[in-house]
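Here the structure comes first, spelled out in structure tokens, and everything after it is commentary.
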Protein chains: 2
Amino acid sequence: MPTIYEVAALAGVSPATVSRVFNGMNVSPEKSKLVRKAAEELSFTPSRTARTLRRQHSEVIALVIPDIENPFFTSLARGVEDVAQAAGYSVVLCNTDENAEKEARYLDIAISDNMAGVILAAAGDHSDLSKLIERKRPIVAVDRGPHGFDIDAVMVDNRAGGHAATTELVEQGYKRIACITGPSDVETAQQRADGWREVVQAAGMPATDDYLKYSDYRVAGGEAAMRELLDLPEPPDAAFITNNLMSVGALQVLAERGAVPPAVGMAVFGDLPFAGFAPKEITVVHLPARHLGVTAAKLLLDRINGDDQPARTIVLRNEVGSGSRA
Amino acid sequence: MPTIYEVAALAGVSPATVSRVFNGMNVSPEKSKLVRKAAEELSFTPSRTARTLRRQHSEVIALVIPDIENPFFTSLARGVEDVAQAAGYSVVLCNTDENAEKEARYLDIAISDNMAGVILAAAGDHSDLSKLIERKRPIVAVDRGPHGFDIDAVMVDNRAGGHAATTELVEQGYKRIACITGPSDVETAQQRADGWREVVQAAGMPATDDYLKYSDYRVAGGEAAMRELLDLPEPPDAAFITNNLMSVGALQVLAERGAVPPAVGMAVFGDLPFAGFAPKEITVVHLPARHLGVTAAKLLLDRINGDDQPARTIVLRNEVGSGSRA
DNA sequence: TTGAAAGCGCTAACAC
DNA sequence: GTGTTAGCGCTTTCAA
């Protein structure tokens, strides 16, 4: 592995000059040319490790998400990636599997690797960000809130979305509307269910524990929950499902039992993945997944570049529509 | 940021001892305890950057894939991740977007960051791995071949899969079977189409250019290609589609035109994403996506650990079945 | 078992 | 505009 010293020797300049060339600083055209030629000849690749050690921060940002197999998060990731790339940063994806320990490990790595910053969709409501904050590493929370830490956040209005989706179901004439939501320690799960509860109670419909299933935001979880609901002595005639993946599972069960929407009503928080084939009668709260990522990345870059204003929270709009997007 | 020096000072030992404690080397229990306490007190996190610089390799492996929004690759990624994690490595995902430049950039970063190794699903057939190889960084090719470089590879039998899928269509009685495949510079696209061509020609059916569409392995591409096929003066009565995402687009078009399978026959190489709702009459060549990842990661770890045998190529089985998995 | 010290490859004062 | 040099935080000989 050639180093700047070897390049410098070959080019007949000092190591500092080589460094300057590779960092776009002022160097005379002649020397610059010499350096480039020497570097080429040795197929020199600068060591980002050494540079990071010296500068105390790298050009990579960590994107920590709970489920890399969920299209919502990959779409969000694309948003982050696109703006990060444009600014010269690379993004490393860290999959926590909704697991607090894995998350903690990745956050440690972010520190330990001197990463420029982290964008976090938290695995639960107990993420410990104190070390990051102590060390002044910028963090922005995305999709899921900052849980008491004073940091930037980019969110959607979960309660309002749950409210709108459920309202739609009521207006469609359904009378017993259940809710399948995510883990009880994930705030989005609570908030979306809150929206549901408000509407259902206001309409004088049952909002019992039987009708509110906590699950896991995954396909299999949605399947299981929907099965339980349909097996109730008095099964619901519609369900509000608080994420995309669980709705896939739920739909599956409905199909098995020959009760595809609108036979049983369905509203979903989040876009159905690869929705081309889903029934049109499903109500969908569209989420600006990519835009969440873009926005979070912009906030993070601001902070990395020294922006020092008080923490901001940005709430993006989500809009209710039908099964497939316009 | 506390360093081992500060921990050493507080614990009353040398920096070397602190290092040894954190690397599980032989240190007397008493000193060890002192060090741990001091580290805890200072909330010390060792710098992986410094360690990497010193050791000349990190504990991270790069997984370079063409499309992070394709469930096939995220599933593969999960496989990689699971075995890497278990061995103490972290995985960073690099999304190349089927773009050779982005890929080259990421491969450079892998070198520059002293990563332990890379698993590559190549964006085209011209990836330049020479720098990696020069520097003796282990690489394993996954899903797509090594293109002349002498490295480990984990593949599926694309030609055989294309053959089997198309044969199924023939047996179902379709007479004019088209093929929608991926970019012409991606070998899997060629090989799968080769399998199709063999069967179709052997059956005395047309295998004209009209019936073979090169596309982009993406939803929109599948959509466009299927549209073109159906608009032909003599449209096909079935299609073999060489990846999961394009089949989603194709299915969409078929649905629009009221020609959902089996009205028009369809066979797909790769599992339909979130398939719960797809017609059962679609023939699917199931791909062991996760297993590809697992296998690739194991090979890579072998190499990282110094395994020095000649390059191996492992071909995993894929099996033909119906729309949804058992 | 432990410590002293060199050095991984780079950048950023500082001097010229 | 350019060179010299110290040092980022760690690991690893080498000696004791």
Side-chain angles (χ1 to χ4, degrees), chain A residues 1-36 38-39 42-60 108-116 131 135-137, chain B residues 1-36 38-39 42-60 108-116 131 135-137:
Chain A
M1 287 255 306
T3 72
I4 46 171
Y5 285 89
E6 301 167 47
V7 176
L10 183 56
V13 301
S14 76
T17 298
V18 177
S19 170
R20 287 181 185 117
V21 169
F22 277 87
N23 287 287
M25 315 185 70
N26 272 352
V27 171
S28 72
E30 314 89 64
K31 302 227 174 201
S32 175
K33 212 148 298 170
L34 286 173
V35 168
R36 279 180 213 293
L42 299 172
S43 86
F44 166 75
T45 303
S47 162
R48 309 216 309 171
T49 304
R51 162 210 279 252
T52 298
L53 179 58
R54 178 60 226 236
R55 294 224 201 155
Q56 296 295 320
H57 66 268
S58 71
E59 260 69 56
V60 358
D108 257 8
I109 289 181
I111 293 176
S112 189
D113 270 343
N114 296 290
M115 292 190 188
K131 266 183 154 181
R135 288 166 169 83
K136 308 221 182 304
R137 293 263 169 254
Chain B
M1 288 255 309
T3 72
I4 48 171
Y5 285 87
E6 302 168 45
V7 175
L10 183 56
V13 302
S14 78
T17 299
V18 178
S19 170
R20 288 181 185 118
V21 170
F22 276 87
N23 287 288
M25 316 186 70
N26 271 352
V27 170
S28 70
E30 316 89 64
K31 303 225 174 205
S32 176
K33 210 147 301 169
L34 286 172
V35 168
R36 279 179 213 292
L42 299 173
S43 84
F44 166 76
T45 304
S47 161
R48 309 218 305 173
T49 303
R51 161 209 281 248
T52 298
L53 178 58
R54 179 58 227 240
R55 295 223 205 165
Q56 297 294 327
H57 66 268
S58 72
E59 260 69 54
V60 358
D108 257 8
I109 289 180
I111 294 176
S112 188
D113 270 344
N114 296 290
M115 294 191 188
K131 266 182 153 181
R135 287 168 169 81
K136 307 219 183 306
R137 294 262 168 252

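Order of the sequence lines fixes the chain letters, A, B, ..., with proteins taken first and strands second; residue numbering starts at 1 for each chain. The analysis underlying the following values was restricted to heavy atoms, covering all of them including side chains, and did not include hydrogens, waters or symmetry mates.
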* Looking at T17(A), does any N or O in its side chain come under 4.0 Å of the phosphate oxygens OP1/OP2 on dG3(D)? -> yes
* To the nearest angstrom, how far is E59(A) atom CD from dC10(C) atom C1'? -> 13 Å
* Asked: Rounded to whole angstroms, how far apart are CG on N114(B) and C1' on dG9(C)?
  -> 9 Å
* Given dT11(D), is OP1 or OP2 found less than 4.0 Å from the side-chain N or O atoms of S19(B)? -> yes
* Structure fact -> Rounded to whole Å, CZ of R48(B) lies from C1' of dC8(C) at a distance of 17 Å
* Asked: Do R51(A) and S47(A) touch side chain to side chain, with heavy atoms closer than 4.5 Å?
  -> no
* **Those residues that, when tested against R48(A), pass side-chain hydrogen bond (donor to acceptor under 3.5 Å, both in side chains) (two or more places apart)** => D113(B)
* Atom pair distance, as rounded to whole Å: CE in M25(B) and P in dT11(D) -> 10 Å
* Structure fact -> Those residues at least two apart in sequence (or on a different chain) that pass side-chain contact (heavy atoms from CB on, under 4.5 Å) with R54(B) are none
* When all nucleic acid strands are considered with a 4.0 Å heavy-atom cut-off, which category describes V18(A): base, sugar-phosphate, or nothing? -> nothing
* Go through the structure and list residues passing side-chain contact (heavy atoms from CB on, under 4.5 Å) with S14(B), not counting sequence neighbours. => A16(B), T17(B)
* **Any side-chain donor near an acceptor of the partner, T49(B) and N114(A), under 3.5 Å** => yes
* To do: Taking side-chain contact (heavy atoms from CB on, under 4.5 Å) as the test, write out the residues that go with K131(A), two or more places apart.
  => D108(A), I111(A), R135(A), S43(B), T45(B)
Identify all pairs in which a protein N or O lies below 3.5 Å from an N or O of nucleotides 13-16 of chain C, and state each distance.
{"unit_1": "dA13(C)", "atom_1": "N6", "unit_2": "R20(A)", "atom_2": "NH2", "d": "3.3"}

* **Side chain proximity check, Y5(A) to V18(A), heavy atoms < 4.5 angstrom** => no
* For residues N23(B) and S19(B), report the shortest heavy-atom separation together with the two atoms involved. => ND2-O, 2.7 Å
* Asked: Can you find a pair of side-chain heavy atoms, one from V13(A) and one from V35(A), that are under 4.5 Å apart?
  -> yes
Dump every N/O contact between nucleotides 6-9 of chain D and the protein below 3.5 Å, one line per pair.
{"unit_1": "dG7(D)", "atom_1": "N2", "unit_2": "R54(A)", "atom_2": "NH1", "d": "3.2"}
{"unit_1": "dC8(D)", "atom_1": "O3'", "unit_2": "Q56(A)", "atom_2": "NE2", "d": "2.9"}
{"unit_1": "dC8(D)", "atom_1": "O2", "unit_2": "R54(A)", "atom_2": "N", "d": "3.4"}
{"unit_1": "dG9(D)", "atom_1": "N2", "unit_2": "A50(B)", "atom_2": "O", "d": "3.3"}

* Asked: Taking for each residue the nucleotide of DNA chain C bearing the nearest heavy atom, is the 5' side occupied by G12(B) or by P15(A)?
  -> G12(B)
* Asked: What integer distance in Å separates K33(B):NZ from dT2(C):P?
  -> 13 Å
* Asked: Once you build an axis from the first five pairs and another from the last five of the helix from dT1(C)-dA16(D) to dC16(C)-dG1(D), how far apart in angle are they, to 10 degrees?
  -> 30°
* Asked: Excluding sequence neighbours, so at least two apart, what forms salt bridge (Lys or Arg N to Asp or Glu O under 4.0 Å) with R137(B)?
  -> none
* Under the side-chain contact (heavy atoms from CB on, under 4.5 Å) test, which residues partner L10(A), sequence neighbours left out? -> A38(A), E41(A), L42(A)
